[in-house]
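To start, the structure itself, in structure tokens.
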Amino acid sequence: MAATTNKSRLAWLGLTPFVLFAAAFELMPVVTLVRSSLSGGAGITLDNFARALTPNIIAAFGNSLYLSLTTAIGGTIFGTLVAYAIVTSPNAMLRHAVTALANVTANFGGAPLAFAFIITLGSTGFLTLLLGYVGIDLYPGFRIYSISGLGIAYIYFQTPLSILLVIPAMAGLRREWAEAAASLGATKLEYWRLIAIPMLAPAMLGSFFLLFANAFGAYATAWTLTGSDVNLVPVQIAALVRGEVVLDPELADALAVLSLIIMVICLFAYQHFARLLRRGQ
Amino acid sequence: MTLRVPSWRFWVLALFVLFMIVPVIATGLFSVATRWDRTLWPEGLTFAWWIKVTARSAFMTTLMNSIWAGTVSVLVSLVLVVPTTYLAHTRLPKAKPFLEFLSILPFALPGVVLALGLIRLYAKVPLPLINTPNILIAAYVIITLPFMYRAVINSLESIDTKSLTEAAQILGANPLQVLLRVIVPNIMPGVVNGSLLVFSAVFAEFVLANLLIGTRFKTFPIYLVEFTRSDARQASALALMSFAIAWLIALGVLWTAGQANKSRQVASRA
């Protein structure tokens, strides 16, 4: 008996290197930010948060939430359509090729992607020139270096991620069900409204929340494409880290904690729907 | 064979495939174009930009720095995650939710937030951390924890660790031998899969490299961003290289994931 307790104690001891590493570089940085954001002249205070919410920062949150919301919805809807087209395609080679493409492009992002969009949709970009030839002038109405340009670049990496998240749920959607529904007199619309959408809802909602967090935390694409022209939360935090703005560490910490709260909510929501999905299968 | 109107499926897939490949092809063409800003097609083709950008000493340095950072992050992650996950899986199921939590939390940690937290925590600590590659590697191991942990735990759950461990112990193996010579070979496809995901993420990472050490240790993505501001043609060659590397690694990831699935099926049939 004593030997087994000793052994299990030894086993717990075996976890220490990992736990120490995670504490030092994962948990402690977060704890430091939370504590410092709540600290003020005397004890715990929300002062820093009140101070952080200047019109400029509120605008940054507005832009970030808008960009995350639109690209998460757009990416999920487009991704679901493509996933449905893949799953129902009779051509096995096509199915594999497009799934592999989604797998590869889900890893494209950051600086190279932002640059590829400058080449494609910049003022002398390939698509801009092509559209000009057929009489559609993108510029000056549209700019790739703006928030809508950023939205297009974000949709690029959001869509394949959504495809990969939704495809497993599609496999659960059996072809016979559509036939069964039709033979019972259901219209196509009723089939979608009453059977397919409820079946796919957890996967689509899970995808929405993961994509939302993915966009909200993204910095490299925005920085390469627009520098600090588009006012976003990660751009603001990075500027504070570089000390470009007045040195006020507690202010930066409050901003970081606010975005952490948004990310954690998204992650919990994603986990919740992922669990629903696993139970359903 | 009669000509028929393509279905909605064709249009959706065509739109997706075009959207995914046009920016990449445009970047590739731009990198070999003499001039391409007033005509629909490049005015001429040249390899000058590729030769120019790869001839710089900074090109090799930054490429090597990124390969080094990726390799070291993978090794540190393997040493930390594999034994810990094995221990938790076989001996300490109570520790699993805690590991689960630690390995999902990085998804909620944007690069800018982690960088700020690390700087605020360690800026004044007299250890060789801030402004050195050490802190960068540590941050990389943390942000890639979800990939490595998932890959290792999925592999462990797919094999019968208990029987394998007992069999090896009966044959006189010590715990380290059990892990290295029995368990690891059995979870190899999963481990390779996780390692490739970690390497790919680290190789392309920009935010932490930019904020934690800046110009003192330049990585490939940092070099690329510098060029996007100064010379678009050379930047396009670098961007295409990044795509090619990400593409190669992603194919490796797909292939090893297929291998891991295959061995899982064999294991479950046995």
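Lettering of chains follows the sequences in order, A, B, ..., and the numbering in each one begins at 1.
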Measuring from [X]:[atom1] to [Y]:[atom2], what's the distance to the nearest 0.5 Å?
X: Ile104(B); Y: Gln271(A); atom1: CD1; atom2: CD; result: 4.0 Å
X: Leu113(A); Y: Phe243(B); atom1: CG; atom2: CZ; result: 5.5 Å
X: Met20(B); Y: Ile163(A); atom1: CE; atom2: CD1; result: 7.0 Å
X: Thr99(A); Y: Leu254(B); atom1: OG1; atom2: CG; result: 9.0 Å
X: Arg95(A); Y: Leu13(B); atom1: CZ; atom2: CG; result: 11.5 Å
X: Thr105(A); Y: Phe16(B); atom1: OG1; atom2: CZ; result: 4.5 Å

Most chain A-contacting option - heavy-atom pairs closer than 4.5 Å, from [options]:
options: Ala250(B), Ala108(B), Ser200(B), Pro221(B); value: Ala108(B)
options: Leu145(B), Leu238(B), Leu251(B); value: Leu145(B)
options: Gly111(B), Ser236(B), Ala88(B); value: Ser236(B)
options: Val113(B), Ile142(B), Thr27(B); value: Ile142(B)
options: Val225(B), Leu116(B), Thr90(B), Val207(B); value: Leu116(B)
options: Ile21(B), Leu29(B), Asn210(B), Val81(B); value: Asn210(B)

Under 4.5 Å from any heavy atom of chain B, what part of [X] do you find: side chain, backbone, both or neither?
X: Ala97(A); result: neither
X: Val30(A); result: side chain
X: Ala100(A); result: both
X: Thr124(A); result: both
X: Leu81(A); result: both
X: Ser259(A); result: side chain
X: Leu130(A); result: both
X: Asn214(A); result: neither

Would Phe21(A) and Leu102(B) count as a side chain to side chain contact (heavy atoms under 4.5 Å, CB included) here? Give the steps. CA-CA 11 Å; Phe21(A) 187 89; Leu102(B) 287 178; over 6 Å; no
Measuring heavy-atom distances to chain A, does [X] have an atom under 4.5 Å in its side chain, in its backbone, in both, or in neither?
X: Ala138(B); value: both
X: Pro175(B); value: neither
X: Ala232(B); value: both
X: Ala115(B); value: neither
X: Ala204(B); value: neither
X: Tyr122(B); value: side chain
X: Leu99(B); value: side chain

Side chains of [X] and [Y]: does their closest heavy-atom pair fall under 4.5 Å?
X: Tyr270(A); Y: Phe107(B); answer: no
X: Leu105(B); Y: Leu267(A); answer: no
X: Leu80(B); Y: Pro17(A); answer: yes
X: Leu92(B); Y: Leu15(A); answer: yes

For a quick test of reading the model, state the closest non-hydrogen atom pair linking [X] to [Y] and the distance between them.
X: Gly227(A); Y: Arg229(B); result: CA-NH2, 4.3 Å
X: Ala238(A); Y: Val112(B); result: CB-CG1, 3.9 Å
X: Ala85(A); Y: Arg9(B); result: O-CD, 3.3 Å
X: Pro29(A); Y: Leu118(B); result: CG-CD2, 3.7 Å

Is it the case that more than 12 heavy atoms not belonging to Lys96(B) sit under 6.0 Å from its NZ atom?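 Check passes, neighbour count above 12.
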Give the ring-plane orientation class for Tyr84(A) versus Trp8(B), where under 30° counts as parallel, over 60° as perpendicular and anything between as tilted. parallel
Could you check whether the rings of Phe19(B) and Phe117(A) sit parallel, tilted or perpendicular, using 30° and 60° as the cut-offs?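 Rings of Phe19(B) and Phe117(A): perpendicular, over 60°.
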Pick whichever of [options] has the most heavy-atom pairs under 4.5 Å with chain B.
options: Pro112(A), Ala256(A), Gly14(A), Gly217(A); result: Pro112(A)
options: Phe126(A), Phe78(A), Tyr156(A), Tyr219(A); result: Tyr156(A)
options: Val233(A), Val19(A), Thr120(A); result: Thr120(A)
options: Thr88(A), Leu27(A), Ile118(A), Thr16(A); result: Thr88(A)
options: Val31(A), Asn103(A), Ile86(A), Val264(A); result: Asn103(A)
options: Leu94(A), Asn107(A), Ile155(A), Ile265(A); result: Ile155(A)

Aromatic ring proximity, centroids under 6.0 angstrom, Tyr140(B) and Phe25(A):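 No, ring centres 6.0 Å or more apart.
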